[in-house]
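Have a look at the structure below before the remarks.
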Amino acid sequence: MLTKAPKGTKDILPQEAYRWHYIEEKFAAICRRYGFQEMRTPVFEHTELFHRSVGDTTDIVQKEMYSFQDYGKRNITLKPEGTSPVVRAYVEHKLYAGTQPGKFYYNIPCFRYEKPQSGRLREFHQFGVETFGASDMLADAEIISIADDFLREMGITDIELRINSVGCPECRKKHREALREFLTPKYEALCDTCKSRFDRNPMRILDCKSPVCQELVQGAPVMLDYLCDDCRQAFDELKSNLDAMGIDYTVDPGIVRGLDYYTKTAFEFVTTAIGAQGTVCGGGRYDELVEEIGGPATPGVGFGLGKERLLLTMEACGAEIPELGGIDVFIAVMGEEAKAAGLKLVRQLRQSGISAQMDVMGRNIKNQFKYANRMGAAKTVVIGQDELENNSFTIKDMETSQQTAVPMEKTVDELIKSMKR
């Protein structure tokens, strides 16, 4: 057991980590382009935060949270999603008192106890963005636009945007009544979890993963037929904004999302590139969440995007990630005096922003050159007794094999110039 990672977790090894750096840097760059600032929240929160925000009737709260009591008898949960912690931080630090809208992005690990599958682990990683303070559907369109632009920049082609409105508390009442009436004759056939949802939140039944329940809800009343005037107008405005931005979409009345805090807009980017249809990115509007957590009435909208699933989708779509380059300079030395000169040079190069290495395994000169090749070194600096006596180092271009003698004091400048070329 000591040599195996816990079930549902995965080591990210060096030969893969560069792919993660690539997508993380690209995501941060596009968020800054849209005017979003990074926010970092703790890896665990008070359990009550997720009970109040995510909802007691969701699978996450009922079945999937990693919760425990700490030594102070406090109920703590490893965060299963990113929005609620950002809202908590927004309220705690009174960010609503600053210039609005507040626009934030995050890059976090999340934890859910569920059956591990392709692109979905018990410890997984998410990007996310949140906008607070804007009730206009322009904010929703901007959030969707960030996701659309990012997925395109990542080279993902086999993907579709699906949108829906899940209404507000007022129009949900009528839909809830119609849904209960539809499901009453089917009640006994529902799974135990959905039976518990029947009275409190029957809309969650539409999101059940059970094949039996999925069959039972076919033909159920859809929220779009019960929208109040305000929610219908908001949904029409969202579609108009997406049309104006040239973003293709499909209206899908079946999208309800897995969290209770959503109001009005709900959307998903789905793909079949990695097998059965799966969601790569999902989000929507949550106009009551800030107030529910203890802040002033403040609208919000955002999305979450799983990094594991993103990388799988990129691979399936043939999207290219630049290969990790080799080091800039390897310093090959012969003898103790040369080693001292090499140590001085390698530190100067590193302090100048050049990636440089020396052998630390006691290899002979022939094996040092072999090692430099394996490391993908662009240049190798050779330091031996002859170089020390002539007060110059030999720089070898590893691609052309051309060798140049350079005065010792000019070696760093010459290597910097050659790296720029």
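Just the heavy atoms: all of them, side chains too, but no hydrogens, waters or symmetry mates, feed the values below.
- In this structure a side-chain-to-backbone donor-acceptor pair under 3.5 Å is present from Asn364 to Lys366.
- With sequence neighbours left out, Tyr22 forms a ring-ring contact (aromatic ring centres under 6.0 Å, His included) with no residue at all.
- A salt bridge does not link Lys10 with Glu308: none of the charged nitrogens is closer than 4.0 Å to a carboxylate oxygen.
- Ser240 places a side-chain N or O within donor-acceptor distance of the main-chain N or O of Asp236, the cut-off being under 3.5 Å.
- Listed for the Ser401 side chain is no donor-acceptor partner under 3.5 Å among the backbone atoms of Asp397.
- Of the possible donor and acceptor atoms, one in the side chain of Thr47 sits under 3.5 Å from a partner among the backbone N and O of Ile76.
- Considering CZ of Arg74 and CG of Asp70, their distance stands at 4.0 Å, rounded to 0.5 Å.
- The environment of CD in Gln15 is crowded: more than 12 heavy-atom neighbours from other residues, nucleotides or ligands sit within 6.0 Å.
- At most 12 non-hydrogen atoms from other residues, nucleotides or ligands lie less than 6.0 angstrom from CD of Glu399.
- Residues satisfying the salt bridge (Lys or Arg N to Asp or Glu O under 4.0 Å) test with Glu170, not counting sequence neighbours, are Lys173.
- Residue Glu16 qualifies as enclosed at atom CD: its count of foreign heavy atoms under 6.0 Å is above 12.
- Counting heavy atoms from C-beta outward, Tyr113 and Arg122 have side chains that approach closer than 4.5 Å.
- Atom-to-atom distance recorded for Leu242:CG and Ile144:CD1 is 5.0 Å, nearest 0.5 angstrom.
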List, one per line, each side-chain donor-acceptor pair under 3.5 Å for residues 352-361, sequence neighbours excluded.
residue, atom, partner, partner atom, Å
Ser352, OG, Gln348, O, 2.9
Ser355, OG, Asp328, N, 2.8
Ser355, OG, Asp328, OD2, 3.2
Asp359, OD1, Met361, N, 3.1
Asp359, OD1, Arg363, NH1, 2.6
Asp359, OD2, Gly362, N, 3.1
Asp359, OD2, Arg363, N, 2.7

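- Atom CG of Leu179 and atom CZ of Arg197 lie 12.0 Å apart (nearest 0.5 Å).
- When side chains are defined from C-beta on, Val412 counts as touching Leu345, because their heavy atoms get closer than 4.5 Å.
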Without placing hydrogens or testing angles, list every side-chain donor-acceptor pair under 3.5 Å for residues 288-301, not counting sequence neighbours.
residue, atom, partner, partner atom, Å
Thr298, OG1, Pro296, O, 2.9

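- Note that the NZ atom of Lys396 and the OG1 atom of Thr404 stand 12.0 Å from one another [nearest 0.5 Å].
- Glu45 is not listed as a side-chain neighbour of Thr77, based on a closest heavy-atom distance of 4.5 Å or more.
- The list of ring-ring contact (aromatic ring centres under 6.0 Å, His included) pairs with a residue in residues 145-167, not counting sequence neighbours, reads Phe27-Phe150, Phe127-Phe150.
- Counting only distance, with no hydrogens or angles, the side chain of Arg40 and the backbone of Asn107 share no donor-acceptor pair below 3.5 Å.
- Side-chain contact, Glu160 with Thr250: a donor N or O sits under 3.5 Å from an acceptor N or O.
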Please tabulate, one pair per line, all N/O donor-acceptor pairs under 3.5 Å involving side-chain atoms of residues 370-377, not counting sequence neighbours.
none

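- Here the side chain of Lys79 pairs no donor or acceptor atom with the backbone of Ile108 at under 3.5 angstrom.
- Ring planes of Phe104 and Phe132: tilted class, angle from 30 to 60°.
- In this view, Glu315 satisfies the salt bridge (Lys or Arg N to Asp or Glu O under 4.0 Å) rule with no residue, not counting sequence neighbours.
- Side chain of Glu337 to backbone of Gln385: no donor-acceptor contact under 3.5 angstrom is found.
- A heavy-atom distance below 4.5 Å is not found between the side chains of Phe330 and Met398.
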ask   = Are Met334 and Val382 close enough, and set up right, to give a side chain to side chain contact (heavy atoms under 4.5 Å, CB included), and what steps lead you there?
value = CA-CA 8 Å; Met334 293 173 283; Val382 181; 4.0 Å; yes
key: Verdict with supporting geometry, Glu153 and Lys26, salt bridge (charged side-chain N to carboxylate O under 4.0 Å, His left out)   = CA-CA 8 Å; Glu153 286 190 16; Lys26 290 290 187 181; 5.4 Å; no
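- Contacts classified as ring-ring contact (aromatic ring centres under 6.0 Å, His included) and involving residues 303-325 (residues at least two apart or in different chains) are not found.
- Of the possible donor and acceptor atoms, one in the side chain of Arg112 sits under 3.5 Å from a partner among the backbone N and O of Pro80.
- When the salt bridge (Lys or Arg N to Asp or Glu O under 4.0 Å) test is applied to Arg176, no partner is found at least two apart in sequence or on another chain.
- With sequence neighbours left out, the side-chain contact (heavy atoms from CB on, under 4.5 Å) criterion links Glu336 to Lys339.
- A salt bridge between Asp413 and Lys417 is absent, with no side-chain N of the basic residue lying under 4.0 Å from a carboxylate O of the acidic one.
- Taking OG1 of Thr279 as the start and CZ of Phe267 as the end, the distance is 11.0 Å to the nearest 0.5 Å.
- Counting only distance, with no hydrogens or angles, the side chain of Glu81 and the backbone of Thr83 share a donor-acceptor pair below 3.5 Å.
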ask   = Is there a salt bridge (charged side-chain N to carboxylate O under 4.0 Å, His left out) between Asp148 and Arg152 once you walk through the steps?
value = CA-CA 6 Å; Asp148 188 68; Arg152 288 176 185 275; 2.9 Å; yes
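- Here the side chains of Ser145 and Ile247 are in contact, with some heavy-atom distance below 4.5 Å.
- The line from NZ of Lys379 to OG1 of Thr394 is 13.0 Å long, rounded to the nearest 0.5 Å.
- Distance alone, capped at 3.5 Å, places no donor-acceptor pair between the Asp140 side chain and the Leu238 backbone.
- With a 4.5 Å cut-off on side-chain heavy atoms, Arg309 and Cys281 do not count as touching.
- Residues satisfying the salt bridge (Lys or Arg N to Asp or Glu O under 4.0 Å) test with Asp149, not counting sequence neighbours, are none.
- Residues that satisfy the ring-ring contact (aromatic ring centres under 6.0 Å, His included) test with Tyr34, not counting sequence neighbours, are absent from this structure.
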